[in-house]
Chemist: 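Have a look at this one before I ask anything.
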Amino acid sequence: MPKFQSVLSKDDAKVVTDLIDEYIIPISNLHILIEDNKFIAGVIGDNLKKETIEYFKYNHFIESINDLANKTRYSIEKCVKGYLKLDIKKYNPVSNKLSSKEQSIYYFMENALFREIVLWDSLAQLYNIYFDLKIDIRKVCYKDLIKKLKNNAEIDFKSLISYIEEPFSLKNDIDVGVHSYVNNLRNQMTHRYSIAITSFSNDYNLRAMPDAIYRIAKDYNEVTKRLCEIINLIIKRIYDDDIAELIYL
């Protein structure tokens, strides 16, 4: 079990890197190849079959998810590299006078935090499409939607619900209540104050420490694992329908 202190060690950094590199969104199999290194990027017409429209709806949405995942991973990587450059002798977590290196760290931590939460909403949108739930995309809440699918046979939603609902407590180890911690951190930043600021008011708050980027990376690992799972099911459905043949009327 990792133990993160006030700054990251090289061993800590490797743990985080391994988490964000474990799962890669499988977009290459979505492409309909017409020859080496060339594929159909889209189609336009009035007589397109329903299956064709469905395919490209998946295609472009999943490519957007992949873009979002890559930017989230990049932000986590930059945050980790920033922590490795900090001089622990000059690091004071109770001071709100941040050095330029610390400002960079929190910029990328916040960037990763927001993007990573959006990935959960993207996962819910894929579930919405794949399981034909017909929920208005503007009204999709990933927690509520996942609970609707708890008895589905294709995916172990029971374990997923358990993960996102597991409560966070300072008394628990670093791997318990990860999603609750990340979600609360996002809410803190959205509704109260910056995660880079230490406060000794009635609502005591110590600025986010290196364990925060570990938890963000771990939650990123979980959501990308789930994204890969549903995307592979989508790809299987696409190829079972022989979508390449469906394009040509």
Side-chain angles (χ1 to χ4, degrees), residues 15-32 39 54-77 79 111-166 175 177-183 185-186 213-241 243:
V15 170
V16 172
T17 300
D18 288 345
L19 282 170
I20 63 176
D21 287 345
E22 184 173 1
Y23 300 102
I24 303 297
I25 307 298
I27 63 167
S28 59
N29 287 332
L30 282 170
H31 298 150
I32 300 171
F39 60 89
E54 191 78 4
Y55 164 75
F56 283 106
K57 177 170 66 176
Y58 277 132
N59 184 293
H60 301 317
F61 184 32
I62 292 172
E63 287 195 313
S64 293
I65 291 172
N66 180 61
D67 178 68
L68 177 61
N70 286 338
K71 289 172 180 173
T72 309
R73 185 189 302 110
Y74 174 79
S75 294
I76 294 172
E77 288 173 344
C79 183
N111 196 309
L113 177 63
F114 278 112
R115 292 180 186 276
E116 192 270 334
I117 291 295
V118 174
L119 283 173
W120 282 101
D121 288 326
S122 299
L123 175 66
Q125 296 290 5
L126 284 181
Y127 289 152
N128 188 28
I129 298 170
Y130 184 81
F131 294 111
D132 197 24
L133 300 180
K134 295 184 172 62
I135 299 174
D136 187 327
I137 61 172
R138 295 165 295 182
K139 298 180 180 180
V140 167
C141 170
Y142 72 89
K143 288 186 178 180
D144 292 341
L145 186 144
I146 289 170
K147 290 176 185 178
K148 293 179 185 294
L149 297 166
K150 61 183 177 182
N151 295 322
N152 190 278
E154 290 185 279
I155 294 174
D156 181 7
F157 285 106
K158 184 177 180 180
S159 67
L160 180 53
I161 292 169
S162 177
Y163 172 77
I164 63 176
E165 292 191 331
E166 185 177 57
D175 290 319
V178 168
H179 184 73
S180 293
Y181 173 89
V182 171
N183 196 42
L185 194 66
R186 189 279 305 267
I213 199 62
Y214 167 76
R215 290 186 172 99
I216 292 169
K218 191 167 180 63
D219 202 48
Y220 172 85
N221 177 276
E222 180 68 25
V223 73
T224 51
K225 178 178 75 173
R226 298 291 180 167
L227 283 165
C228 289
E229 179 181 46
I230 185 62
I231 291 171
N232 282 325
L233 287 173
I234 290 167
I235 291 169
K236 183 178 184 302
R237 176 182 287 181
I238 287 170
Y239 281 94
D240 283 349
D241 290 341
I243 192 67

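All heavy atoms count here, side chains included; hydrogens, waters and symmetry mates do not. All figures in this text were calculated on a predicted structure; none of them were measured in a lab.
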Chemist: Does any non-hydrogen side-chain atom of Phe131 lie less than 4.5 Å from one of Glu154?
Modeler: yes
Chemist: Nearest 0.5 Å please: distance from the CG atom of Leu160 over to the CD1 atom of Ile146.
Modeler: 4.5 Å
Chemist: Please enumerate all residues that pass side chain to side chain contact (heavy atoms under 4.5 Å, CB included) together with Ala217, with sequence neighbours excluded.
Modeler: Val16, Leu19, Ile20, Ile76
Chemist: Counting heavy atoms not belonging to Tyr74, are there more than 12 under 6.0 Å from its OH?
Modeler: no
Chemist: For Lys71, is there an ion pair with Asp67 - N to carboxylate O distance below 4.0 angstrom?
Modeler: yes
Chemist: Report yes if some heavy atom in the side chain of Ile135 is under 4.5 Å from a heavy atom in the side chain of Lys148; otherwise report no.
Modeler: yes
Chemist: Answer whether the closest heavy-atom distance between the side chains of Leu149 and Ile155 falls below 4.5 Å.
Modeler: no
Chemist: Which value, rounded to the nearest 0.5 Å, describes the distance between Ser122 atom OG and Ile117 atom CD1?
Modeler: 11.5 Å
Chemist: Does any part of the side chain of Val178, heavy atoms only, come nearer than 4.5 Å to the side chain of Glu166, both counted from C-beta?
Modeler: no
Chemist: Starting at CD of Glu116, measure out to OG1 of Thr224 and round the result to the nearest 0.5 Å.
Modeler: 9.0 Å
Chemist: Over all heavy atoms of both residues, which pair between Ile25 and Ala69 is shortest? Give the atoms and the distance, please.
Modeler: CG1-CB, 4.1 Å
Chemist: Minimum heavy-atom separation for Ser75 to Asn111, with atom names?
Modeler: OG-OD1, 3.3 Å
Chemist: One pair to check against side chain to side chain contact (heavy atoms under 4.5 Å, CB included): Leu119 and Tyr220. What are the steps and the verdict?
Modeler: CA-CA 8 Å; Leu119 283 173; Tyr220 172 85; 3.7 Å; yes
Chemist: A side-chain contact here means heavy atoms from C-beta on lying under 4.5 Å apart; do Tyr127 and Val140 qualify?
Modeler: no
Chemist: So, using salt bridge (Lys or Arg N to Asp or Glu O under 4.0 Å) as the criterion, who are the partners of Lys147 when residues are at least two apart?
Modeler: Glu165
Chemist: Can you check whether Leu185 reaches Tyr181 side chain to side chain, under 4.5 Å on heavy atoms?
Modeler: yes
Chemist: Please enumerate all residues that pass salt bridge (Lys or Arg N to Asp or Glu O under 4.0 Å) together with Asp18, with sequence neighbours excluded.
Modeler: Lys14
Chemist: Roughly how far apart are Ser180 OG and Ile164 CD1, rounded to 0.5 Å?
Modeler: 8.5 Å
Chemist: Under the side chain to side chain contact (heavy atoms under 4.5 Å, CB included) rule, what do Gln125 and Leu145 come out as? Steps first, then yes or no, please.
Modeler: CA-CA 9 Å; Gln125 296 290 5; Leu145 186 144; over 6 Å; no
Chemist: Using the six-membered ring wherever Trp is involved, compare the ring planes of Tyr163 and His179 and label them parallel, tilted or perpendicular (cut-offs 30° and 60°).
Modeler: tilted
Chemist: Which residues pass the side chain to side chain contact (heavy atoms under 4.5 Å, CB included) test with Asp136, sequence neighbours left out?
Modeler: Arg138, Lys139
Chemist: Using the test salt bridge (Lys or Arg N to Asp or Glu O under 4.0 Å), find all partners of Arg226 that sit at least two apart in sequence or belong to another chain.
Modeler: Glu222, Glu229
Chemist: Determine the sole option in Val15, Asp175, Ile213 for which the side chain to side chain contact (heavy atoms under 4.5 Å, CB included) test with Lys218 is passed.
Modeler: Asp175
Chemist: Is any side-chain heavy atom of Lys143 closer than 4.5 Å to one of Asn183?
Modeler: yes
Chemist: Is there a donor-acceptor pair closer than 3.5 Å between any side-chain N or O of Asp219 and the backbone N or O of Arg215?
Modeler: no
Chemist: Nearest 0.5 Å, please: how far is CD1 in Ile62 from CG in Leu227?
Modeler: 9.0 Å
Chemist: Under the rule for salt bridge (Lys or Arg N to Asp or Glu O under 4.0 Å), what residues qualify as partners of Asp156, not counting sequence neighbours?
Modeler: none
Chemist: Is it true that, when you exclude Lys158 itself, more than 12 heavy atoms of the residues, nucleotides or ligands shown sit nearer than 6.0 Å to its NZ?
Modeler: no
Chemist: Please report the interatomic distance CD(Glu77) to OG1(Thr72), rounded to the nearest 0.5 Å.
Modeler: 11.0 Å
